[in-house]
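See structure below.
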Amino acid sequence: MQSSQAAEYETISTDDATPTLDNQKFNACLDNLAQTAPFTGVKDTFNQYRPIQGDASVLESLDYQPEFAKEPWDYLASLVDKERVIDGINASKRYADILANIESKYGVNRYDVLGVWGVESDFGTKLGKKDVLESLSTLSCFGRRQSYFQSELVSALKILRQGDIDKADFKGSWAGAFGQTQFMPSTFLQLAQDFDGDGRKDLVNSEADAIASTANFLKNSGYQQGQPWGYEVRLPASLNAINNRKNKQPISHWRSLGLTLVDGSPLPNSLTSAGLFLPSGKNGPAFLVGRNFDAFYAYNASENYALAIAHLSKKIENNDTNVEFVTPWPTDDPGLSRKESREVQESLNLLGYNIGEVDGIIGDGTRRDIQQYQIDHGLEPDGKAGKNILKHLMDNSADLRDKANQQLDSQAQSGSEGTITTGSSQSNAKAIHSKGSLYDFLHGKVILVIAIGLLLLLCVIIIGKRRR
C-alpha cells in the first residue's frame, strides 16, 4: 500500500518546448472511461467535475521522479536542512497535545509522524497546486500505468461525492497525492481519519486529521511501537558489506561482524532485527534499519525518501539542527540546502541571468541558467546545483552582492530619515499652531477689555450730562 506519489515540488523537462496534448483524444478517452464499470457509481460526480482539458506537464513528472533520479546527498540536502528541522521542532511544540493523543491511540512515535509531515508538505505549507482531477484524468489517458491512475481517479470522485474535501481544496502533486501529508485518493478512502471530530476527514485544512491519518497509515504498514527506525553505524574496514536492508538479521549477528554505532559504542538492543542499508555504497554513511524504516518506505517506495523521513524525525526529536551524518557522503560536490539554493538563484540574478523568483527550488529554469553560466565561464556544463557551483557563484557575485546590500541599507536609512523629518515637521507645525492659537486667544482678551473700558467711559459721560 503506497500513500504518496513522489512528494517533490520540482519537475524537469527534456527540452524548452511547452508540452501539448491532443485534447480531442483526451475527451474521447474520458467518454470511454465514463462508460466503464468502475465509473458507474460516480458517473454524476464525474459529469459535474469532468476536466475540460488535460495537463501535459504531469507526463513530464511521470518520467522524472527525483527520489530515484538524484544522488542521495542531493535529494536529502533540500528535504532535511536546518530550516526544516527548526520548523519541525516548532511544530512539535505547537501541536504537542494533538501529537500526544495520536501517539497514544496509534502507537506511532510523534517524531516519525512529524518526519512524514515535514518531508511531504513542509508541515502543511506546500500542498501542491495541481488540480487532482485534471492530473488523474490526464494520467488515466496518457503515459505509463494508466489503469492505476484510472483507479485513483475513481477514488478521487468518491471523495468528492462523500464531501470530505471541497473541490476548491482538491489540489496536490502531479500524481494526485493531496493534503498536508499527501495521500493518494485510494489510500485516503482506506485509512484517512477524522481526528478532530467535525464529521469530515479533511487532510487539507485539519492538521489533526492529516497527521492522525499518517499515523494510521504507518500503523497499518507494519510499524513497530517502541522501536527506532534504525541508526547510523560504523563498518569494519575488512567487511565485505552488501546493501540489502530487506535481509533482516538479529542484532547479535551484526555485532558478531564487528559493526558498532557510528561513535564506536556497541549496538543497542532497541531493534529486534535489522538490515544493512548503504545508500551510497560502503564508502558513505551506513545504517542498520528495522521495520519502521520499511513503514516509511511504504509511504512512497523509495529508500532515499524513507531515509529523509527517518533523518528528519531523529533531528527533530533531538533538537539537533546539524543535519550532516557522521560519515560524509562520498562526493566532492554535496547537495544544497534550501537557503543555499536561494543563494545560487540570487547570485544568478545579480549576474544578469534573470531566473525570476528566488524560491530555493532548483527547477528547470535554474538548472538551465546554471548550465549557461558554466558555459560562459568555461566550466563543465552539467547544470548541477551543488556546493561547487554555489562557491563559484558566490565568489563571482561578491562585489555585486555587497553593492546591492549597501543600496538596500542606504534606501532603508533614507526611508528612516524621511520618517524623522516628517515627524519633526509635524511637531513644528503643531508648535506653530499652538502659538498661533495662544496669540489669537490673548488678542481677543485685550480687545474685550478695551471694549468694556470704552463702554464704561461712555456710561460715565452720559450720567454726567444728566446731572447737569
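Position 1 is the first residue of the sequence, and the numbers go up from there. Computation of the quantities below employed the complete heavy-atom set of this structure, encompassing side-chain atoms and omitting hydrogens, waters and symmetry-equivalent molecules.
- L271 approaches P228 most closely through the heavy-atom pair CD2-O, 3.3 Å.
- Taking a 6.0 Å sphere around NZ of K387, one finds it holds more than 12 heavy atoms contributed by other residues, nucleotides or ligands.
- A salt bridge links E83 to R342: at least one charged side-chain nitrogen sits closer than 4.0 Å to a carboxylate oxygen.
- R94 forms no cation-pi arrangement with F123, by the criterion of a distance under 6.0 Å to the ring centre and an angle within 45° of the ring axis.
- With contacts defined as side-chain heavy-atom distances shorter than 4.5 Å, the pair S137/F26 qualifies.
- With sequence neighbours left out, the salt bridge (charged side-chain N to carboxylate O under 4.0 Å, His left out) criterion links K219 to no other residue.
- N349 approaches I355 most closely through the heavy-atom pair OD1-N, 2.8 Å.
- Side-chain contact check for S57 and D55: at least one donor-acceptor pair (N or O, by modelled atom type) lies under 3.5 Å.
- A donor-acceptor pair under 3.5 Å is formed between the side chain of R200 and the backbone N or O of G163.
- Closest heavy-atom contact between P38 and V154: O-CG1, 3.5 Å.
- The pair D81-R338 meets the salt-bridge criterion, since a charged nitrogen lies less than 4.0 angstrom from a carboxylate oxygen.
- The salt bridge (charged side-chain N to carboxylate O under 4.0 Å, His left out) check on D87 picks up nothing, with sequence neighbours excluded.
- A side-chain donor from one of Q193 and Y106 sits under 3.5 Å from a side-chain acceptor of the other.
- Looking only at atom types and distance, the side chain of Y111 has no donor-acceptor partner in the side chain of E103 under 3.5 Å away.
- Judged by distance alone, the side chain of T181 and the main-chain N or O of A210 form a donor-acceptor pair under 3.5 Å.
- Under the 3.5 Å distance criterion, the side-chain polar atoms of T138 are left unmatched by any main-chain donor or acceptor of G54.
- With hydrogens and angles disregarded, a donor-acceptor distance shorter than 3.5 Å links the side chain of S92 to the backbone of I89.
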For F170 and F178, run ring-ring contact (aromatic ring centres under 6.0 Å, His included): C-alpha distance rounded to whole Å, both residues' side-chain angles, the deciding distance at 0.1 Å, then the answer. CA-CA 7 Å; F170 214 17; F178 69 96; 4.9 Å; yes

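- For the residue pair W254 and Q249, no side-chain donor N or O sits within less than 3.5 Å of a side-chain acceptor on the partner.
- By the 6.0 Å contact criterion, CG on D97 is open, its count of non-hydrogen atoms from other residues, nucleotides or ligands being 12 or less.
- Within the 4.5 Å cutoff, the side chain of F296 has heavy atoms near those of the L218 side chain.
- In this structure, the side chain of Q374 engages the main chain of D382 through a donor-acceptor pair within 3.5 Å.
- The two residues W117 and G124 have their closest heavy-atom pair at NE1-N, 3.3 Å.
- Across V85 and D320, no two heavy atoms sit closer than the pair CG1-O, 3.4 Å.
- In terms of modelled atom types and a separation under 3.5 Å, the side chain of N220 and the main chain of N216 share a donor-acceptor contact.
- Listed by first and then second residue, the side chain to side chain donor-acceptor pair (under 3.5 Å) pairs that reach into residues 261-274 are R255-N269, D263-S265, sequence neighbours excluded.
- For the residue pair S186/E152, the side-chain donor-acceptor check at 3.5 Å is satisfied.
- Panel note: side chain S397, backbone L400; no donor-acceptor pair is recorded below 3.5 Å.
- Annotation: side chain of F149 is not in contact with side chain of S135 (no heavy-atom distance under 4.5 Å).
- A salt bridge links D294 to K248: at least one charged side-chain nitrogen sits closer than 4.0 Å to a carboxylate oxygen.
- Side-chain atoms of N292 and D112 form no donor-acceptor pair, as typed in the model, at a separation below 3.5 Å.
- Within the 4.5 Å cutoff, side-chain heavy atoms of K158 are placed close to those of L189.
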Go through the steps to decide whether F277 and W229 satisfy the test ring-ring contact (aromatic ring centres under 6.0 Å, His included), and finish with yes or no. CA-CA 12 Å; F277 177 41; W229 60 264; 9.0 Å; no

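- In this structure the side chain of R84 never reaches within 4.5 angstrom of the side chain of K315, judged on heavy atoms.
- The shortest non-hydrogen separation linking P381 to I375 is CB-CG1, 3.7 Å.
- Comment: D399 does not engage K403 in a salt bridge, judged by the lack of any side-chain N to carboxylate O separation of less than 4.0 angstrom.
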As a quick check of understanding, evaluate side chain to side chain contact (heavy atoms under 4.5 Å, CB included) for V116 and F217, giving each step before the final call. CA-CA 11 Å; V116 176; F217 178 95; over 6 Å; no

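- For the side-chain contact (heavy atoms from CB on, under 4.5 Å) with L99, the lone residue among R110, E207, K93 that qualifies is R110.
- Side chain of Y223 to main chain of G107: no donor-acceptor pair is present (N/O by atom type, distance under 3.5 Å, no hydrogens or angles).
- For K167, the NZ atom counts as densely surrounded, since its 6.0 Å shell holds more than 12 non-hydrogen atoms of other residues, nucleotides or ligands.
- At least one side-chain heavy atom of F287 sits under 4.5 Å from a side-chain heavy atom of P279.
- Counting non-hydrogen atoms of other residues, nucleotides and ligands closer than 6.0 Å to CG of N405 gives a total above 12.
- With hydrogens and angles disregarded, a donor-acceptor distance shorter than 3.5 Å links the side chain of S155 to the backbone of S151.
- Under the 4.5 Å side-chain criterion, counting only non-hydrogen atoms from C-beta, D333 is in contact with K384.
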